[in-house]
Amino acid sequence: MNSAKRIMSGTWGEVWLDGDYVSECYGLQAKVSFNKEDVNLCGKMATDKKVKSISCTGSLKLHKVNSRMALVIGDSMKNGKDLRFTIISKLKDPDAYGAERILLNNVSFDDLTLADWEVATNGKVEAPFTFTDYDFLDSVEA
């Protein structure tokens, strides 16, 4: 039987970027969107849809405690190098039925925030990205 205590809390999330633990991370989202094409069928008034491809996007949310992203991405991009990364997302709540680990492959960051701050506000950086493949390393089953 499921109960509220089995809901996985992001408090227990962890992220690795190319094998390095990202301790300043406070959030991660990775999603797959289905790119569809309209299909009209004889005898049907409603237009159906056919999945033609997928788009994989995500965002890494970081507390501003270091210059990690600027150092990892900045100089290479200025010199015309299209860097690609792997990200591992791990969510393992102590009350959950297990851990979920997802490997995101061929990660390409969309932009680089060099500065974004204001007085009396904790620094945060959001790093949007795309990726082309993913694998479940561990999954949770009740």
Side-chain angles (χ1 to χ4, degrees), residues 1-41 44-142:
M1 175 175 177
N2 289 334
S3 68
K5 76 178 210 165
R6 298 294 184 201
I7 297 170
M8 298 178 83
S9 169
T11 299
W12 305 100
E14 297 178 355
V15 170
W16 286 263
L17 179 63
D18 275 355
D20 292 330
Y21 180 66
V22 184
S23 62
E24 69 272 23
C25 183
Y26 71 89
L28 171 73
Q29 181 186 62
K31 62 196 299 185
V32 177
S33 298
F34 307 115
N35 303 317
K36 299 177 180 183
E37 181 178 295
D38 286 351
V39 177
N40 295 311
L41 300 171
K44 303 282 183 180
M45 287 298 293
T47 300
D48 204 346
K49 304 282 185 182
K50 168 110 176 122
V51 175
K52 300 297 283 186
S53 64
I54 61 172
S55 297
C56 304
T57 60
S59 185
L60 191 58
K61 297 177 181 182
L62 307 165
H63 291 291
K64 181 63 176 173
V65 296
N66 59 38
S67 300
R68 175 193 303 267
M69 299 307 284
L71 296 173
V72 169
I73 299 171
D75 284 340
S76 293
M77 292 305 286
K78 277 183 15 179
N79 292 311
K81 294 181 183 172
D82 182 5
L83 297 179
R84 301 300 171 112
F85 302 88
T86 59
I87 291 177
I88 295 178
S89 169
K90 178 182 177 185
L91 187 55
K92 184 180 181 187
D93 187 307
D95 273 336
Y97 287 116
E100 181 177 78
R101 287 189 316 135
I102 303 169
L103 172 66
L104 308 177
N105 292 301
N106 202 31
V107 172
S108 174
F109 287 97
D110 296 340
D111 64 29
L112 176 61
T113 301
L114 297 176
D116 185 4
W117 60 268
E118 62 184 89
V119 71
T121 302
N122 290 332
K124 293 181 178 180
V125 174
E126 189 162 349
F129 59 85
T130 58
F131 59 102
T132 59
D133 195 18
Y134 62 95
D135 294 297
F136 278 85
L137 303 175
D138 296 305
S139 60
V140 178
E141 296 184 30

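None of the values given here were measured: they were computed from a predicted structure.
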Flag the pair Ser55 / Thr130 as yes when at least one side-chain heavy-atom distance between them is below 4.5 Å, and no otherwise.
no

Just by distance, do the side chain of Asp138 and the backbone of Glu100 share a donor-acceptor pair under 3.5 Å?
no

To the nearest 0.5 Å, atom CG of Leu60 lies from atom CG of Leu104 at 10.0 Å

Is there a side-chain contact between Cys56 and Ile54 in this structure, where contact means two heavy atoms from C-beta onward sitting under 4.5 Å apart?
yes

When you compare the side chain of Phe109 with that of Met77, does any pair of heavy atoms fall below 4.5 Å?
no

Are Asp48 and Lys50 close enough for a salt bridge, meaning some N to O gap below 4.0 Å?
no

Check whether any side-chain N or O of Ser76 sits under 3.5 Å from a backbone N or O of Gly74 as a donor-acceptor pair, and report yes or no.
no

Note: Trp12 and Lys92 closest approach over all heavy atoms is CB-O, 3.3 Å

Taking atom types as modelled, is there a side-chain donor on Ser53 or Asn35 under 3.5 Å from an acceptor on the other?
yes

State the CD-OG1 distance between Glu126 and Thr113, to the nearest 0.5 angstrom.
8.5 Å

Look at the aromatic rings of Phe129 and Phe131 and report parallel, tilted or perpendicular, splitting at 30° and 60°.
tilted

Does Phe34 reach the side chain of Lys49, with side-chain heavy atoms less than 4.5 Å apart?
no

Interatomic distance, SG@Cys25 vs CZ@Arg68, rounded to 0.5 Å, equals 9.5 Å

Nearest-0.5 Å distance that lies between atom CZ in Arg6 and atom CG in Asp93
9.5 Å

Rounded at 0.5 Å granularity, tell me how far CZ in Phe85 sits from CG in Asn105.
13.5 Å

Measure the CG-CG distance between Asn66 and Leu71 for me, rounded to the nearest 0.5 Å.
8.0 Å

